[in-house]
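Okay, structure first, notes after.
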Amino acid sequence: MSTTLIPTDNVEAAARARAVIPGGVNSPVRAFGSVGGTPLSIVGAHGAYVRDVSGREYVDLVASWGPALLGHAHPGVVAAVQEAAARGLSFGASTPGETLLAEEVIGRLRVADASEIERLRLVSTGTEATMTAIRIARGATQRDLIVKFSGHYHGHSDGLLAESGSGVATLGLPGSAGVPADIAALTLVLPYNDRAAIAEAFALHGDRIAAVITEAAGANAGILLPEDGFNAFLAETAHAHGALLISDEVLTGFRVDPAGWWGLEHRAGASWTPDLVTFGKVIGGGMPLAGIGGRRDLMELLAPLGPVYQAGTLSGNPLAVAAGLATLRLADDAVYAHVDRAAAAVSRAAGEALDAAGVAHVVTHAGSLFSIAFRDRPVRDYDDARAQEGWRYRAFFHAMLDAGVSLPPSVFEAWFLTAAHDDEALEKILAALPKAAAAAASATPPDVV
Ligand SMILES: Cc1ncc(COP(=O)(O)O)c(C=O)c1O
Ligand SMILES: N[C@H](C=O)CCC(=O)O
């Protein structure tokens, strides 16, 4: 028998959740694993704010881990979902909306006519998108090995969890139990931004590598920015050996630019093109939706046209498509300009507050995405990210939370601004920063009593 009463404080909500849900969460990053304390149990959100079970509101810098580009419950997105819901929740058949969304996505990627993204297949999660992209790459090349980078996160499929970022990094895990050794052995994990390591891997295994999968810009071990020309180098190296480049834009896609990270690099003059690209988060506007895009010859390897199988009862769900389409149509240049300005204001103020408190730190940006690492040198790869004084973030995070600002509960996650972060919300964040910086300054490492 379940009780229908909703808890009215986070402690009770977490206790009840833990009694029926492993760890009390449906995704480990929500568990406050590295910052400690009681996870928020959220009952609602609007604009730049989330509200917990106790009725307390927080300025939100998690943004559902990225999707809420326009802010929470944007009226235009909610109306689109309500209209779609009134027509039926799911049909298990094609819908016109899917085509409109694919047209919108492909159109956005036509930056300077450089895009080779000609087809899009919709799935429900970023995990499915990267898993499918890899299957296409293996089907196309008839090869088995995959290259990924340590500290990058591509979802939780078996072959992609080794030295993964996000929750795997937060919990300090090397990967995941339950992945057969034979599967793990098919993934070569290399240090990010290390061209020599990549050249060596291709020299040794080039005829067995199906694809390199990379976050377009790393954002799951804090921000790991690709060095100048690094993505182009990956494309050239992969292509020189008959392998493909899969650019994972689940997090960056449609968030850092109307055409994602790839669009940002192209507007700055780059000319590389991924063979396959994966989307998630913003493409679904807060509903479960993701996609794989690519050249026609590769994408038409997918069933029913080709031999690579992929399917999904709820793939292209009409409510999710309605939310994604409304979000992308509303996300005009003014939205991106606002998010860029808001991110610049918050990151600058955070840096100034930490400077004033004498805390060694480095702020790294990938467009409007940014993160703070507690070290005095740039963060180039996962080893650098792990070498920081991450324990300072715990004190910083809780001081912000006490002041009514909800940050990502891990130093390895990016901060997300939205179009709904107006002056009032930004002022609340800025006002909270000096105290949080002071808390970070006086924090002690976990083994010091
Ligand atoms: C870059 C990247 N790829 C893939 C994923 C997996 O997406 P999902 O959580 O929707 O499975 C995520 C985040 O979760 C991500 O940040
Ligand atoms: N860092 C992840 C996505 O980008 C966090 C989302 C999750 O795993 O729940």
Side-chain angles (χ1 to χ4, degrees), residues 21-34 39-40 42 60-69 122-134 146 148-161 164-171 173 176 192 212-226 231 246-256 260-262 274 276-293 312 314-315 317 320 323-324 366-367 369-371 382 385 406-416:
I21 297 171
V25 292
N26 286 313
S27 191
V29 294
R30 302 174 194 173
F32 281 27
S34 63
L40 301 184
I42 301 296
D60 180 34
L61 289 164
V62 182
S64 182
W65 304 92
L69 175 68
L122 293 176
V123 293
S124 299
T125 65
T127 298
E128 283 176 83
T130 56
M131 182 183 78
T132 303
I134 283 171
I146 295 293
K148 88 170 273 282
F149 296 107
S150 50
H152 281 202
Y153 180 65
H154 303 289
H156 61 98
S157 64
D158 279 354
L160 292 173
L161 282 170
S164 178
S166 192
V168 180
T170 299
L171 297 172
L173 303 172
S176 173
Y192 192 47
V212 175
I213 183 166
T214 183
E215 286 190 51
N220 279 291
I223 302 298
L224 297 179
L225 205 54
N231 281 323
I246 302 169
S247 183
D248 183 354
E249 294 241 24
V250 166
L251 204 150
T252 49
F254 317 119
R255 173 158 268 286
V256 297
W261 182 262
W262 183 83
L276 295 165
V277 56
T278 52
F279 301 109
K281 301 193 188 261
V282 175
I283 198 179
M287 299 282 287
L289 195 73
I292 312 105
L314 294 176
S315 286
N317 171 266
L369 292 167
F370 70 93
S371 64
Y382 191 34
S406 170
L407 296 180
S410 166
V411 76
F412 292 125
E413 302 286 359
W415 299 27
F416 297 95

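Ligands are counted one by one from 1 in listed order, and the atoms in each one are counted from 1 as well. Keep in mind that this is a model prediction, so the values were computed, not measured.
For ligand 1 and V250, the ligand atoms under 4.0 Å from any heavy atom of the residue are 2 (C), 3 (N), 4 (C), 5 (C), 7 (O), 12 (C), 15 (C). Using a 4.0 Å cut-off to heavy atoms of E215, the atoms of ligand 1 that qualify are 1 (C). Distances below 4.0 Å separate heavy atoms of G155 from the following atoms of ligand 1: 4 (C), 5 (C), 6 (C).
Residues S164 and V168 approach most closely at O-CB, 3.6 Å, considering heavy atoms. Heavy atoms only, all atoms of each residue included: A216 and S247 are closest at CB-OG, 3.5 Å. Contact between A217 and A366 at its shortest, heavy atoms only, is CB-CB, 4.0 Å. Closest approach of F416 to V62, counting heavy atoms only: CD1-O, 3.1 Å. Between F149 and I213 the shortest heavy-atom distance is CD1-O, 3.9 Å.
T127 places a side-chain N or O within donor-acceptor distance of the main-chain N or O of H156, the cut-off being under 3.5 Å. Side-chain atoms of K281 come within 3.5 Å of backbone N or O of W65 as a donor-acceptor pair. A donor-acceptor contact shorter than 3.5 Å is absent between the side chain of E413 and the backbone of S410. The closest donor-acceptor contact from the side chain of T252 to the backbone of G260 lies at 3.5 Å or more, if one exists at all.
Taking NE2 of H154 as the reference point, atom CG of L251 lies at 11.5 Å (rounded to 0.5 Å). To the nearest 0.5 Å, the span separating CD1 on I292 from CD1 on I134 amounts to 11.0 Å.
In terms of protein heavy atoms, atom 10 (O) of ligand 1 is closest to G126 N, 2.8 Å. In terms of protein heavy-atom proximity, atom 4 (C) of ligand 1 is nearest to H154 C, 3.4 Å. The nearest protein atom to atom 2 (C) of ligand 1, hydrogens excluded, is given as Y153 O, 3.2 Å; this is a heavy-atom distance. Looking only at heavy atoms of the protein, atom 3 (N) of ligand 1 is closest to D248 OD2, 2.7 Å. The single protein non-hydrogen atom nearest to atom 11 (O) of ligand 1 is T127 OG1, 2.6 Å, given as residue, atom name and distance.
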Which N or O atoms of ligand 2 sit under 3.5 Å from a protein N or O, and how far apart is each pair?
from     : atom 1 : to   : atom 2 : distance (Å)
ligand 2 : 1 (N)  : S166 : OG     : 2.8
ligand 2 : 1 (N)  : N220 : OD1    : 2.7
ligand 2 : 1 (N)  : E413 : OE1    : 2.7
ligand 2 : 1 (N)  : E413 : OE2    : 3.3
ligand 2 : 4 (O)  : N220 : OD1    : 3.4
ligand 2 : 4 (O)  : K281 : NZ     : 2.9
ligand 2 : 8 (O)  : S27  : OG     : 3.3
ligand 2 : 9 (O)  : S27  : OG     : 2.6

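Ligand 1 lies less than 4.0 angstrom from a heavy atom belonging to K281.
Residue nearest to atom 16 (O) of ligand 1, selected from N220, T278, T252: N220 (by heavy-atom distance).
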